[in-house]
Number of protein chains: 2
Amino acid sequence: MSSLLELRHLRTLTALRDAGNLSRAAELLNLTQSALSHQIKLLESVYGGALYERKSAPPRFTAIGARLLELSDRLLPHVDAAELDLARLAAGTAGQLRIAVECHTCFDWLMPAMDAFRARWPEVEMDIVSGFNPEPAALIPQDKADFAVVSTWENGLTGVDFHPLFRFEIVAILSRSHALVEKPWLEAADFAGETLITYPVPDEMLDVVRQLLSPSGITVQRRSTELTAALLQLVASGRGISALPLWAVKSYLDRGYVKHCTIGRDGLYGSLYGACASRLSGAPYMLDFVRLVRESCFLTLPGITLL
Amino acid sequence: MSSLLELRHLRTLTALRDAGNLSRAAELLNLTQSALSHQIKLLESVYGGALYERKSAPPRFTAIGARLLELSDRLLPHVDAAELDLARLAAGTAGQLRIAVECHTCFDWLMPAMDAFRARWPEVEMDIVSGFNPEPAALIPQDKADFAVVSTWENGLTGVDFHPLFRFEIVAILSRSHALVEKPWLEAADFAGETLITYPVPDEMLDVVRQLLSPSGITVQRRSTELTAALLQLVASGRGISALPLWAVKSYLDRGYVKHCTIGRDGLYGSLYGACASRLSGAPYMLDFVRLVRESCFLTLPGITLL
DNA sequence: GATAACAATGAACTTTATTCATACTGCCCC
DNA sequence: GGGGCAGTATGAATAAAGTTCATTGTTATC
């Protein structure tokens, strides 16, 4: 009888468009694919027609779906703005956000989220904690940082809360002519005798060392450089192999500049978490920041999974 | 965690503002007062503060409530427009709407709804069935009307569906100096010997006759006139008494031009229904018309209750 | 201080949304 | 051309609401 259209449905539609398919949209919304499928089925029964063509990627919307999307685009920004205002009403607008990172590549994807955040919370003082921080989470209890990107969820730390960010695959990077390229996947032994080219971080922070090499008792030569491009240049020219997040090297792989190889039979995966001071863990601006990071990463980084 | 604000909540807030209090808002939304109270309580717990001051009528909104209302005002018109578009997509935009009324006063409140309807469904041919129609519902099977305002729900008619509209009190109208004014309420016997001043409709269509006088076997003199103003002028000058919907005479009563009196111990009530051809009963434009009528009446006519 | 109107509340209930488990579909690829 | 694979659909089970019911609390009014 009366209208059953809710914001939920509009959010689903835009997520579908943004994410490219139902399953990814579900991930973005923290729901299951099934839930969204049911939602859309309901809408279709109400409006008497399909909302989009299922077999096309990206989804192609019908007139009905397009009209609903048009509505979403008009509505959701206002909803977002209103909720932002309300969050600010609830807990002042001021605050600090000193960000520390463990790995340099993080800035690649942190930047868009930081830009969005700055626009949304102009009164929050945002800073990057400079210098080399092997254990950025430790800076939080010392009150030298408010937020840190870390790869391990340390339950021990008091006064520090963790927010899951995402999970990604780490692949071995090899020159196009490397012998190992032929293998379906690499085992620890394959690294013996190779030079491992990495970012300049301590051994125990490299997932490939921590999860694969150390447990197998294999040690390798290391060589490091700051920039991803330089690193790949070294690999391409045969100075060694590397192990990097897939999202960091996807574009090089697509261009055929280097080759890659799964590490371990089931692949090697790293995770990232956002650590923050417990006292700020529930602050609207902190929650908003985490959300922005997750969202922008999911839409930007290829092949990642939200945690 | 993620936003739980839904259109439902925004609809509640605007209904609250439009209707003036929770109970009336509930009526407008076809929900109970309790449901709305729970909704608002939830919102308040989420946003950390009251949405409005309960004890003031009309409701006075807090900053939070006002921000949400602002959002509603920006959103709901778009939602409405979109749903209208979608309804038109589903079932063409053309159609006929020939309206017949049983009682002349109906046009008072039918007009605003008709104006709104014309704007929303420009391609639907709207007409008023002219002439005197003692039984307008009968015109529907004859295909001389598509919609009729009637005061009885006749289950017998085939091919005709009824939509409940509203219920209203019918009061006796007396000159300021009339003796009966002193009575707490009038019974059938009080009408004996009086002249009943009415619109020019047959006896059996007057609720006061049908529900009170006929059952008691009391007959009265009748005198009729078309216009409400003329009718009241006759009453005021002592030519007789009348029985009219409260909403039709409220403004005269407020000005003290005439007096009124409850009819029967529990009051006399009339109801109105919208009759329409079954074949059109589910048509989007017909449902929309009924909705517009109910809504505009509820917001406009004092003292009515939606059915 | 009774009455009436409105709002709040907790529990029962109903409805709806979501998940789970599984089956279906189109597509790519040896 | 028969796996695998990624995406989608579906029915039943479950979880999570939203809503009502019955009642109480509150405030204003006469």
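Lettering of chains follows the sequences in order, A, B, ..., and the numbering in each one begins at 1.
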Report task. Provide, to the nearest angstrom, the distance between the CG atom belonging to B:L42 and the P atom belonging to C:dA8. Result -> 14 Å
**Report entry** Distance below 4.0 Å between A:S23 side-chain N/O and D:dA6 OP1 or OP2
**Finding:** no
Query raised in the report: Is the cationic atom of A:R294 (NZ for Lys, CZ for Arg) positioned less than 6.0 Å from the six-membered ring centroid of A:F298 and within 45 degrees of its normal?
Result: no
Query raised in the report: How many Å lie between CD1 on B:I40 and C1' on C:dC6, as a whole number?
Result: 13 Å
Requested in this report: Nearest whole angstrom, please: distance from the C1' of D:dT19 to the CD of B:E6.
Outcome: 16 Å
Report task. Describe, in one word, how the ring planes of B:Y257 and B:Y252 are oriented to each other, choosing from parallel (under 30°), tilted (30 to 60°) and perpendicular (over 60°). Result -> tilted
Query raised in the report: Below 3.5 Å, does any donor atom in the side chain of B:S34 face an acceptor in the base of D:dC21, or the other way round?
Result: yes
Report summary line: Here the distance between atom P of D:dG18 and atom CG of B:L4, to the nearest Å, is 7 Å
Requested in this report: Nearest-nucleotide wise, let me know which of A:K55 and A:T32 is further upstream toward the 5' end of DNA chain C.
Outcome: A:T32
Report summary line: Taken to the nearest whole Å, CD/A:Q33 to P/C:dT18 is 13 Å
Query raised in the report: Has the side chain of A:H38 got a donor or acceptor that lies under 3.5 Å from a partner of the other kind on the base of D:dT8?
Result: no
Query - Side chain of B:A35 - closest among D:dT20, D:dT10, C:dG10 - result: D:dT20
Query - Residue-phosphate contact under 4.0 Å: B:N21 side-chain N/O, C:dA5 OP1/OP2 - result: no
Query raised in the report: Is A:Q39 side chain donor-acceptor paired with the C:dA17 base, going by distance under 3.5 Å alone?
Result: no
Query raised in the report: Could A:R54 and A:Y52 be counted as a cation-pi pair, given that NZ or CZ must be under 6.0 Å from the ring centre and within 45° of the axis?
Result: yes
Query raised in the report: Between C:dT25 and A:R54, is there an OP1 or OP2 to side-chain N/O distance shorter than 4.0 Å?
Result: no
**Report entry** cation_pi(A:R17, A:F61) dist<6.0 Å, angle<=45
**Finding:** no
Requested in this report: Please state whether the rings of A:Y273 and A:W153 are parallel, tilted or perpendicular, taking 30° and 60° as the class boundaries.
Outcome: perpendicular
Query raised in the report: Given D:dA9, C:dT9, C:dA7, which nucleotide is nearest the side-chain atoms of A:Y52?
Result: D:dA9
Query raised in the report: Starting at CZ of B:R60 and ending at P of D:dT27, how long is that distance when rounded to a whole Å?
Result: 17 Å
Report task. Would you mind reading off the distance between A:L22 atom CG and C:dT18 atom P, rounded to a whole angstrom? Result -> 13 Å
Report task. Could you state the atom-to-atom distance from CZ of A:R11 to P of C:dT18 in whole Å? Result -> 11 Å
